[in-house]
Amino acid sequence: MAQRGGAQRPSGGGQGKICQFKLVLLGESAVGKSSLVLRFVKGQFHEYQESTIGAAFLTQTVCLDDTTVKFEIWDTAGQERYHSLAPMYYRGAQAAIVVYDITNQDTFGRAKTWVKELQRQASPNIVIALAGNKADLANKRMVEYEEAQTYAEENSLLFMETSAKTAMNVNDIFLAIAKKLPKSDNNARSCWMLQVITFKTGETM
Amino acid sequence: MAQGEKHHLSNSKLNDVDEYGFERPSDFRYESYEEFMSKYLTVLTRRARKWSHLLGAKETVGRGMKVKRYIRKGIPLVHRGKMWMEVSGARKKMEAHPGYYKSLQDLPLNEDLMECIRVDIPRTFPDNIYFRDYKEGKLGSLKNVLVAFSNHNKEIGYCQGLNYIAGLLLIITKDEECAFWLFDVLTTDLLPQYYTPDMVGVLTDIRVLESIVKEQAPLIWKHVAHYGITWDLLATKWFICLFAEVLPIETVLRIWDCLFYEGNKILMRVAVTLVVSNQEKILMSQEFVDIIHCFKTIAKDEDALNCHTFIENVFRVTGSFSRARLAKLREECEAQIKAEKDKETGGKSFASSCVTSLTLDA
């Protein structure tokens with residue numbers, strides 16, 4: 001079993017911590033939540049991504065310098081009717097990506113509502129990122145970059161415009177979240193040290 | 001399929017699109033499917049003969065033990081759409097309202113609702129060859145049915161997931177008006193609280209499933225609870241989509257045969273069976289992630305694919321399962337949900353009033 005904490009951790013090894021985080025995607029229907037996840041997890045894009053019912057669950061790992069961050073991703077359904085189901089997905093989440101579609105002003109309004117709901121209902125330390133998706137459709141833009149950026153700054157959100165279609169900023173936004181997440185036991189779903197295992201089993205470093 | 005053809009077929013002679021228009025996925029297990037089909041075709045041939053004998057020159061079958069047995073063993077595809085119309089009462093509704101379906105399409109629809117439907121149309125069954133084109137394919141019909149229904153049932157309007165149900169009805173009936181009336185029977189008569197804005201029917205049935213599992217397979221219930229997994233994470237899509245897009249298509253259709261004849265109890269029977277008969281696999285999954293994954297896998301494995309034995313198993317595992325018991329469980333679970341909700345909204349309305357005043361201050 002993995003050991004928690006790291007009292008006897010030898011310093012300077014090549015391997016580091018593995019931390020597991022729960023991340024939820026929220027946002028209006030058809031803004032591209034599932035497409036962002038599909039791009040991030042499988043590197044794929046489908047022009048017509050099936051509408052998500054309930055929620056979909058996927059995992060993906062990103063490597064920072066000395067930490068491996070494993071995301072447990074809940075990709076939720078967007079329709080307002082499913083709103084009452086959302087709390088079970090964001091409950092206990094350490095991170096959230098609130099997605100809107102840059103070609104649709106209403107979806108930006110809806111994103112703001114999600115941010116508000118997270119700020120008052122989710123864990124107080126939750127890291128929230130705002131993603132303005134469909135950035136490849138810049139000629140149909142309805143939400144200005146500056147407007148969203150200002151809003152994000154005012155609310156201490158990470159912010160990027162993304163395109164699941166071209167892969168622009170998709171890995172980056174997950175990576176930025178991974179960097180911002182505090183990597184300690186009390187914050188992650190679980191964290192453990194690889195080095196402790198090495199130390200205990202072999203005593204050789 | 002004839003024995004001589006078998007070798008031929010296992011060299012991937014099986015069409016890469018199935019008889020309903022769905023493209024077989026890249027990881028489709030042709031060999032196990034062929035093995036299943038070689039047995040199932042014998043069943044299908046026998047059922048086709050029995051059904052043509054049962055029907056004779058008649059259009060309808062009425063009700064009774066024999067019909068129930070026949071339906072549980074599967075309605076042959078050629079009769080399926082028509083029989084669904086008959087046994088569910090959809091045909092009677094349709095005949096009682098001539099011209100009604102057409103008239104619904106001319107009514108103006110609330111723009112938000114229209115937008116919800118519009119974005120979901122091209123995202124319905126993108127892996128089905130009939131759902132790629134508005135003119136030639138079924139996308140136009142799908143839109144017509146969903147729009148007409150939103151005008152017909154204002155309380156439900158449109159709920160994501162209904163697109164798959166309407167889509168499948170169109171595939172089987174090949175007729176918009178029939179699909180519309182079957183859709184109406186499902187959402188209004190068979191599952192009256194599933195698609196309403198509070199979706200309380202779905203939430204209730206998930207809770208009922210949990211309580212049956214807790215009683216019938218306490219080890220599974222404990223195991224799932226131990227990893228902090230709630231049953232809504234596992235079973236929401238099962239109930240909302242009536243297993244469409246969850247189980248293999250042939251299995252879904254066999255379930256729907258029973259659904260239209262016997263009512264919504266079959267959904268609970270199937271859900272319980274899926275869980276209980278996979279006890280070993282579920283208990284072997286030792287992490288949160290593995291359990292979630294396991295529940296996805298059991299809906300797609302060979303047991304789920306083999307629709308005939310699957311349905312037999314459903315009735316064996318759930319045995320005699322009285323309507324009264326289900327009704328009582330539902331009543332209890334719904335009361336629980338309502339009580340929790342009342343408690344929550346007490347807190348929530350306070351929170352949102354704080355937010356409102358903050359916004360006003362800003």
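Keep in mind that this is a model prediction, so the values were computed, not measured. Reminder, nothing fancy here: chain letters follow the sequence lines and each chain counts from 1.
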Please identify, among [options], the residue contributing the most non-hydrogen atom pairs under 4.5 Å to chain A.
| options | result |
| --- | --- |
| B:Leu203, B:Thr236, B:Asp232 | B:Asp232 |
| B:Val202, B:Thr124, B:Val289, B:Asn163 | B:Val289 |
| B:Gly157, B:Cys241, B:Pro197 | B:Pro197 |

So which part of B:Ile156 gets closer than 4.5 Å to some heavy atom of chain A, the side chain, the backbone, both or neither? both
Go through the atoms of B:Tyr164 and report whether side chain, backbone, both or neither lie under 4.5 Å from a heavy atom of chain A.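 Side chain of B:Tyr164 only, per the 4.5 Å heavy-atom cut-off to chain A.
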Measure distances from [X] to the heavy atoms of chain B and classify the residue's part below 4.5 Å as side chain, backbone, both or neither.
| X | answer |
| --- | --- |
| A:Ala55 | neither |
| A:Gln49 | backbone |
| A:Thr59 | side chain |

Before accepting this row, confirm whether a basic side-chain N of the pair [X]/[Y] lies closer than 4.0 Å to the acidic partner's carboxylate O.
| X | Y | value |
| --- | --- | --- |
| B:Lys214 | B:Glu210 | no |
| B:Glu340 | B:Lys343 | no |
| A:Lys70 | B:Glu287 | no |

Distance-only, no hydrogens or angles: does the B:Lys237 side chain make a donor-acceptor pair with backbone N or O of B:Ala244 under 3.5 Å?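 A pair under 3.5 Å: no.
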Does any non-hydrogen side-chain atom of A:Leu181 lie less than 4.5 Å from one of A:Phe71? yes
Which heavy atom in B:Ala179 sits nearest to a heavy atom in B:Leu169, and how many Å separate them?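 Result for this residue pair: O-CD1, 3.7 Å.
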Residue among A:Glu50, A:Gln119, A:Glu72, A:Met88 with most heavy-atom pairs under 4.5 Å to chain B: A:Glu50
Any side-chain donor near an acceptor of the partner, A:Tyr100 and A:Gln105, under 3.5 Å: no
